[in-house]
Amino acid sequence: MTTNPNPNLNVAARPITILGAGHIGFALALMLRRAGGYSVRVADHDPQRLQVLHELGFEVCLIQGAADTHVAIAHQYAVLNALPFHKAVSVAQMCVAAGVHYFDLTEDVRSTQAIQALAVDAHSVLMPQCGLAPGFIGVLGHDLAKRFDSVDSLRLRVGALPRYPSNRLGYNLTWSTEGLINEYCNPCEALVDGVPQQVPALEGLETFAIDGMAYEAFNTSGGLGTLTHTLQGRARHVDYKSIRYPGHHAVMKLLLQDLRLAEKRGLLKDILEGALPGTDQDVVLVFATATGRREGRWLQESYAVRVLGDMVEGQRLSAIQRTTAAGMCVALDLVAQGQLPQAGFIGQEQIGLGDFLANRFGRTMAGESALDALYPGIDAPAKGLTQAQVGDLQNTAAVLR
């Protein structure tokens, strides 16, 4: 199924609230406004962050307590939760009570399970884990698995890395430090010999190369979302690992296990944020491989994409901002278009890969063929695109090359 590249031009703008004006909330606001079809409000507890968005012309709402959050949510079409993972369940509860669609980015397994329980009697959509991993990687993994009669292994690898590493970790902070620590400390879900299991974070170290560049990968928590449960009985082995530059794994094991900082996450957060600078000069790598049998043949299929940062409405967005926000925007768009259920829990694998990549936001993950895949053989006026929008698409395609 394909989607109109700009499906909301001829309908009334749907009111949405973005909770959180940090890196991802900022990207969501810019991307949704540029695309059209939504009336965007951004809510946060930080007045300085809100002032930046206000100066860019966005409606903003200062959150100073639960009452303010209720006001920010009420009467909206949807809430996009870009707050830290520990806020997910409470915000989801508010959305259920208000009958508002709910989307989030959480990688936290317990939060997702709690939201899934809330969805049983909900009259609105509850769709957590809408980012990159979890998020797009679940869409991709499920699509690869469906191509086989039986799946022997599905190996999903994702990394958000600095393009110019300059420290022993080969790493810069490009997203939530709390989320990063969660991934490195919490148990990881996997399918092992067809049985759902929890495997330790930081284990399963492997090395490989993409286009001649060396990388390592190891178990991290939360990246699979609900995929292990979806593929149980259909796949023998499914795992998710984070991609890093060589040497990162050894340093993190020293910090987390030998120095026992996994038991002092607040201290670890302070250390990382005090020592590792942030960067907008990053790259996101996605590498997925499935092996199995189809019509009696033993086959392998793979998908790889490399995404860099780009300019949106005159603002520089990093690769992790673009890819994470894209997953949530696609989910919102597909619900708004009626291509996904209109109530209850929605797992990421309910989105078809073709629908994701054909969506106006999904082109971020479409690789080198982004422009041609979205607009084959149609000139700009026929698509209803302005020259500025065409320029944005061409810039995106050039960056992805």
query: What's the shortest heavy-atom distance between P165 and G170, and which atoms?
result: CB-CA, 3.8 Å
message: I'd like to know if the side chain of E55 and the backbone of V52 have a donor-acceptor N/O pair within less than 3.5 Å.
response: no
- prompt: Is there side-chain contact between H23 and S318, with heavy atoms separated by less than 4.5 Å?
  reply: no
- prompt: Are any of the side-chain heavy atoms of L317 and D310 separated by less than 4.5 Å?
  reply: no
query: Between S39 and A13, is there a donor-acceptor pair closer than 3.5 Å when you use the side chain of the first and the backbone of the second?
result: no
query: What class does the angle between the rings of Y215 and Y245 fall in, given that below 30° is parallel, 30 to 60° is tilted and above 60° is perpendicular?
result: parallel
Side-chain donor-acceptor pair present, T226, Q348, cut-off under 3.5 Å: no
message: For a 4.5 angstrom cut-off between non-hydrogen side-chain atoms, does R244 reach L161?
response: yes
- request: Measure from the side-chain N and O atoms of D104 to the backbone N and O of Q129, and report whether any donor-acceptor pair falls under 3.5 Å.
  value: yes
- line: Closest heavy-atom pair, S221 versus P187, reported as atoms and distance to 0.1 Å, is OG-O, 2.9 Å
query: Are R294 and E301 close enough for a salt bridge, meaning some N to O gap below 4.0 Å?
result: yes
message: Closer than 3.5 angstrom, by distance alone: can the side chain of T112 be matched with the main-chain N or O of D108 as a donor-acceptor pair?
response: yes
- request: Report, as yes or no, whether the 6.0 Å neighbourhood of atom NE2 on H54 holds more than 12 heavy atoms from other residues, nucleotides or ligands.
  value: no
- request: Please answer whether the main-chain N or O of G141 pairs with a side-chain N or O of E349 as donor and acceptor at a distance below 3.5 Å.
  value: no
query: Does the pair R163/D282 count as a salt bridge with the N-to-O cut at 4.0 Å?
result: no
message: Using side-chain heavy atoms (C-beta onward) and a distance below 4.5 Å, is T220 in contact with K241?
response: no
query: Do L285 and R306 have side chains that get closer than 4.5 Å, going by heavy atoms?
result: yes
task: Would you confirm whether H249, through its side chain, and L202, through its main-chain N or O, come within 3.5 Å as a donor-acceptor pair?
output: yes
query: Just wondering, do L334 and F361 contact through their side chains at under 4.5 Å, heavy atoms?
result: no
query: Any luck finding a side-chain donor-acceptor pair between T323 and T364 under 3.5 Å?
result: no
message: Check whether R41 reaches the backbone of P15 with its side chain - one donor and one acceptor, N or O, closer than 3.5 Å.
response: no
- prompt: Side chains of V125 and P341: closer than 4.5 Å at any heavy-atom pair?
  reply: no
query: For R110, does the CZ atom have more than 12 heavy-atom neighbours from other residues, nucleotides or ligands under 6.0 Å away?
result: no
field: Any side-chain heavy-atom pair of I346 and F103 under 4.5 Å
entry: no
task: Check whether any side-chain N or O of R34 sits under 3.5 Å from a backbone N or O of M31 as a donor-acceptor pair, and report yes or no.
output: no
statement: Between A92 and I115 the two heavy atoms that sit nearest each other are CB-CG1, 3.9 Å
message: Please give me the minimum heavy-atom distance between L144 and T289, naming the atom from each residue.
response: CD1-N, 4.4 Å
- request: Indicate the ring-plane relationship of Y184 and H248, choosing parallel, tilted or perpendicular according to the 30° and 60° boundaries.
  value: perpendicular
message: With a 3.5 Å distance limit and no angle check, can you tell me whether Q342 reaches the backbone of L340 through a side-chain donor-acceptor pair?
response: yes
task: Taking D239 for its side chain and A190 for its backbone only, find out whether a donor-acceptor pair lies under 3.5 Å.
output: no
- prompt: Should the pair D258-K253 be classified as a salt bridge under the 4.0 Å nitrogen-to-oxygen rule?
  reply: no
